[in-house]
Protein chains: 2
Amino acid sequence: MTSKPADRYHHGDLREALLAAGEAVLAERGVEDFTLRECARRAGVSHAAPAHHFGDAAGFLAELAAVGFDRLTTAMEERRAGAGPEPLAQLHAIGRGYIAFAVRNRALFQIMFRHDGTGVGSANLQRAGGAAFGVLQAAMARVLAAHRPAQAPLPSLALAWSAVHGFATLLIERQLDACLGQGGIQDLETDLGGAMLTLMTHALAAPPTIPAG
Amino acid sequence: MTSKPADRYHHGDLREALLAAGEAVLAERGVEDFTLRECARRAGVSHAAPAHHFGDAAGFLAELAAVGFDRLTTAMEERRAGAGPEPLAQLHAIGRGYIAFAVRNRALFQIMFRHDGTGVGSANLQRAGGAAFGVLQAAMARVLAAHRPAQAPLPSLALAWSAVHGFATLLIERQLDACLGQGGIQDLETDLGGAMLTLMTHALAAPPTIPAG
DNA sequence: GCCTCATCTAGACGATGTCTAGATGATAGT
DNA sequence: ACTATCATCTAGACATCGTCTAGATGAGGC
């Protein structure tokens, strides 16, 4: 897939080629069977070549995660742009984009939200993750400004993000198979995901009083 | 930690000893650095011993996940029992138990919801997972019976489970650090998690109409 | 045209998961 | 009590992995 420019000693654009190979390996083999050496093989370079560009495996995965966050940001923005002016509808659309991205990029989605343990990951990952978060945050700000200007944004943001992220996670980990129709994961456009999102967006526009806690 | 009974050739209860060792390794080293050989080392047996009891690494992790689900079920039931008779309060308490379990058993929680790819995992894992799901399902059934008897259970269940699971996941993956107070992950009893759960439980008792979709 | 240095290769090392053959001993049948 | 069976566990080998080191290559600045 990734073009290997003849057999020159210097690749020319090895970094990008490795990222592309990494994404392919991730999609085909999954996170468990992801391998640095396989990525190098696909890019047509030696097994130690990735180390020079990404340090180690964790650094490589961090850059792949950053690519994933950039894609997620784009996907969410596209859905939002096509959802009309109503803030609640835009938030709903963003949720759909988030879930659809997770389903279509399972392994990539998995590494995106995997905390390193070793610090905070690369600066690029932080930038990309922050940008994706910003889309959600801005959409929520518009919803609250239009429907509940007195509501503190953080709990609403936590609920929306958690619900969407949790649904996406449970979906790709096959935990919702028993709850889904026979269509399975594929027909997300009309099924459980939509109903869940509707219930959630409703919650954010309803009064915050609660019977008991 | 796990008692190694002298140096008898037959361990006597190697299966349980390996599970205990596995849980310890998981807690200390995390999922990434989890190793079959290290578990065998801690149990005082040869590196190939686990294979006879669990088949391969995936089988071992599946049994560990089953242990985790049993613990989660217990934790949720305990919280529910101490939350009084109101269904909504019980659901809220179950959510607290779910999140607290994830925080206190990060690595174990991570493998519990990791889909194998190779089939459905062990029968024991399916049993334990089903039992944990049953706690949530029953609590939701009581909430709907008391507050919204006409509401279809699946969307509400999906929202509640997704929100709780998503919040727990984002929390242990350090994605909510920017949203949390200076107390960080530890003070869950009064902070963002509680506010999010309140908003969620409220949504499940409110009318299901929604302005726009 | 030369020199510097980023880029990439080749090989080695320790560690891991899994396979195989064989050692051990608990247990059941007689 | 004796023995055979078979689950249990050991020891070693093998392919593969991530990472380290030394060295080869050649693009670009002077």
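Chain letters run A, B, ... following the sequence lines, proteins first and then strands; every chain starts at 1. Predicted model, so just to flag it, every value in this text is computed and none were measured.
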Quiz item: With sugar-phosphate meaning primed atoms plus P, OP1 and OP2, does A:Ala57 contact a base, only sugar-phosphate, or nothing at under 4.0 Å between heavy atoms?
Solution: sugar-phosphate
Quiz item: Using the ring of each side chain (for Trp, its six-membered ring), is B:Phe133 parallel, tilted or perpendicular to B:Trp161, with breaks at 30° and 60°?
Solution: tilted
Exercise. Look at the side-chain N and O atoms of A:Arg15 and state whether any lies under 4.0 Å from the OP1 or OP2 oxygen of C:dC8.
Key: no
Quiz prompt | Rounded interatomic separation in angstrom, taking CG from B:Leu36 and P from D:dC17 | solution = 18 Å
Exercise. Please report, rounded to the nearest Å, how far the P atom of D:dT10 is from the CG atom of B:Leu18.
Key: 10 Å
Exercise. Starting from C1' on C:dT18, measure out to CZ on B:Phe54 and report it in whole angstrom.
Key: 16 Å
Quiz item: Hey, what's the ring geometry for A:Phe34 with A:Phe60, parallel, tilted or perpendicular (30° and 60° as the breaks)?
Solution: tilted
Quiz item: Step by step, would you call A:Glu38 with A:Arg29 a salt bridge (Lys or Arg N to Asp or Glu O under 4.0 Å)?
Solution: CA-CA 10 Å; A:Glu38 173 65 17; A:Arg29 299 243 237 259; 3.0 Å; yes
Quiz item: Separation of B:Phe60 atom CZ from C:dT18 atom P, in whole Å?
Solution: 12 Å
Quiz item: Once you round it to whole Å, what is the distance between P of C:dA15 and CZ of B:Arg37?
Solution: 10 Å
Quiz item: When you match B:Arg29 and A:Ser46 each to their closest nucleotide on DNA chain C, which lands nearer the 5' end?
Solution: A:Ser46
Quiz item: Between A:His47 (NE2) and D:dC17 (P), how many Å, whole number?
Solution: 11 Å
Quiz item: Between A:His52 (NE2) and C:dA6 (P), how many Å, whole number?
Solution: 7 Å
Exercise. Look at A:His53 and C:dC8 and indicate whether a side-chain polar atom (N or O) is within less than 4.0 Å of OP1 or OP2.
Key: yes
Quiz item: Would B:Phe69 and B:Phe113 count as a close aromatic pair, with their ring centres under 6.0 Å?
Solution: yes
Exercise. Measure the distance from CD on A:Glu32 to P on C:dT16 and round it to the nearest whole Å.
Key: 17 Å
